[in-house]
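Below: one structure in structure tokens.
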Amino acid sequence: MAKQRILTGITTTGTPHLGNYVGAIRPSIAASRDSSIDSFFFMADYHALIKAQDPALVRQSSKEIAATWLALGLDTEQAVFYRQSDIPEIPELTWVLCCNAAKGLMNRAHAYKAAVQANEEAGEDPDYAITMGLFSYPVLMAADILMFNAGKIPVGRDQVQHVEMARDIAQRFNHNFAEVFTLPEAVVDDNVAVLQGLDGRKMSKSYNNTIPLFQSEKQLRKSINKIKTNLLEPGEPKNPDDSTVFQVWSAFASEQETARMRREFDNGIAWGEAKKQLFELVNSEIAPARQRYEELMSDPGHIESVLQAGAQRAREHSSALMQKVRAAVGIGPIS
Ligand code: TRP
């Protein structure tokens with residue numbers, strides 16, 4: 001039986017945080033070790049240009065993200081791990097798909113619609129500061145996905161619409177030209193926690209409420225101490241279900257340890273003590289990788305060689321697929 005192929009991308013615009021780890025990195029790395037799954041993971045650096053106009057930031061983020069995935073034990077023999085911009089067929093396919101994607105479909109993309117709405121609310125021109133990059137974002141993402149004939153696309157809820165658009169674009173192409181593309185499906189894992197950040201909202205770089213994954217022990221302890229709590233005193237029972245401390249705890253703890261912490265909350269554990277235990281728990285899971293992360297960050301040549309090897313494997317697929325696409329649409333040599 002053919003292996004199931006999964007693919008997902010990580011936009012290179014920030015420093016990986018605990019929310020990225022729990023929501024995407026940890027489950028993806030587990031999948032990379034499952035020999036019944038054929039996985040493709042890549043750094044979406046062309047996507048980063050949509051949001052970030054700071055070259056140093058894009059460069060630094062790519063390095064940090066690659067080092068993070070490697071430090072945490074991504075199996076790069078099994079998984080194909082590469083950088084989007086190392087695959088020239090991706091922008092090439094993007095153009096072909098642009099010529100097939102309905103503009104009306106793109107008008108409905110959430111990220112674009114939100115930007116238009118924000119402009120309207122601010123009394124600006126609806127197109128104010130909206131680039132073609134933002135508008136075409138779902139087409140680039142469709143190219144990422146369709147290039148590798150991936151069937152399952154693990155993403156967060158906010159990305160489901162984009163995967164559906166990729167499916168739509170693929171269907172249209174297959175119908176108009178030739179059956180070239182596998183139809184992709186988004187996979188949202190409800191068992192994976194969406195982590196809360198310091199202020200209790202979803203942990204996200206855009207809310208500036210994250211706990212970076214690899215900071216020194218001392219800084220990690222400090223970050224955890226900044227998690228917002230209420231004013232209940234030691235000895236007063238606390239509600240675990242409205243507590244970020246407990247929510248983060250349960251993303252790292254076993255079922256048993258989670259049940260124990262629930263009892264501790266009932267018994268009025270002090271916030272300081274709960275945070276101390278949380279630090280110990282999180283730190284024990286990531287400390288071994290932190291060491292490796294630091295080594296990798298000081299050896300960028302090694303990271304680069306791993307990415308080049310990944311790109312080479314990815315291009316075996318992408319160059320073959322692109323040949324089919326060119327042939328299907330009538331681009332290529334005359335004889
Ligand atoms: N747009 C995705 C995000 O911001 C990242 C991404 C780019 C992606 N290309 C992809 C995810 C292809 C899955 C498949 O999260």
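Each ligand, and each atom within it, is numbered from 1 in the order the structure gives. Only a predicted model underlies this, so the values are computations on that prediction, with no experimental measurement involved. Start at 1 with the first residue, then count along the sequence.
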- For Thr8, counting its heavy atoms only, list the atoms of ligand 1 lying under 4.0 Å from any of them.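 Numbered from 1, ligand 1 contributes 11 (C), 13 (C).
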- Among residues two or more places apart or on two chains, list those pairs meeting salt bridge (charged side-chain N to carboxylate O under 4.0 Å, His left out) that have a residue in residues 259-276.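 Every salt bridge (charged side-chain N to carboxylate O under 4.0 Å, His left out) pair that includes a residue of residues 259-276, provided the two are not neighbours, is Asp241-Arg262, Arg260-Glu264.
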- Item | Test of ring centre spacing under 6.0 Å for Phe148 and Phe42 |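 Aromatic pair excluded; centres sit 6.0 Å or further apart.
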- Message: Between ligand 1 and Gln159, is the shortest N or O to N or O distance under 3.5 Å?
- Response: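 Yes, there is a polar N/O contact under 3.5 Å.
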- Which of the ligand 1 atoms, numbered from 1, are nearer than 4.0 Å to a heavy atom of Leu7: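 What qualifies from ligand 1 is 14 (C).
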- Which one holds for Tyr46 and ligand 1: side chain close, backbone close, both close, or neither close, with close meaning a heavy atom under 4.0 Å?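 Contact part for Tyr46 vs ligand 1: neither.
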- Query: Any luck finding a side-chain donor-acceptor pair between Gln312 and Glu316 under 3.5 Å?
  - Reply: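 No.
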- Item | Met141: numbered ligand 1 atoms lying under 4.0 Å from its heavy atoms |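 Reading through ligand 1 atom by atom, the close ones are 1 (N), 8 (C), 9 (N), 10 (C), 11 (C), 12 (C), 13 (C).
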- Run the numbers for me: atoms of ligand 1, each under 4.0 Å from some heavy atom of Ala44, listed by number.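 Answer, ordered by atom number: 7 (C).
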- Query: Looking at Ile145, which atoms of ligand 1 are within less than 4.0 Å of one of its heavy atoms?
  - Reply: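 Listed by number with element, the hits are 12 (C), 14 (C).
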- Message: Tell me the protein heavy atom at minimum distance from atom 11 (C) of ligand 1, and give that distance in Å.
- Response: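 Looking only at protein heavy atoms, the one closest to atom 11 (C) of ligand 1 is Gly9 N, 3.4 Å.
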- Task: Can you sort out which atoms of ligand 1 are near Ile153, meaning under 4.0 Å from one of its heavy atoms?
- Result: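 Checking each atom against Ile153, I get 13 (C), 14 (C).
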- Only one of Thr12, Leu140, Ile10 clears side-chain contact (heavy atoms from CB on, under 4.5 Å) with Gln84; which?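 Among Thr12, Leu140, Ile10, the one that satisfies the side-chain contact (heavy atoms from CB on, under 4.5 Å) with Gln84 is Leu140.
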- Query: Between Lys3, Arg5, Gln4, Gln78, which is the residue that forms a side chain to side chain donor-acceptor pair (under 3.5 Å) with Asp38?
  - Reply: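 The option that passes is Arg5.
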- Measure the acute angle between the ring planes of Phe41 and Trp69, then classify it against the limits of 30° and 60° as parallel, tilted or perpendicular.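 Judged by the thresholds at 30° and 60°, the geometry between Phe41 and Trp69 is tilted.
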- Message: Per the ring pair (Phe, Tyr, Trp, His ring centres under 6.0 Å) rule, what does the pair list look like for residues 84-118, sequence neighbours excluded?
- Response: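 Matches after skipping sequence neighbours: Tyr112-Phe135.
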- State the atoms of ligand 1, each with its element, that fall below the 4.0 Å cut-off from a heavy-atom position in Tyr137.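 Checking each atom against Tyr137, I get 1 (N), 2 (C), 3 (C), 4 (O).
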- Considering the heavy atoms of Thr11, write down every atom of ligand 1 situated less than 4.0 Å from one of them.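 Checking each atom against Thr11, I get 2 (C), 3 (C), 4 (O), 5 (C).
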- atom 9 (N) of ligand 1 [closest protein heavy-atom partner, distance rounded to 0.1 Å]: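 Going by distance alone, atom 9 (N) of ligand 1 is nearest to Asp144 OD2, 2.7 Å.
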- Would you please classify the geometry between the Phe40 ring and the His317 ring as parallel, tilted or perpendicular, with 30° and 60° separating the classes?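 Perpendicular, since the angle between the ring planes exceeds 60°.
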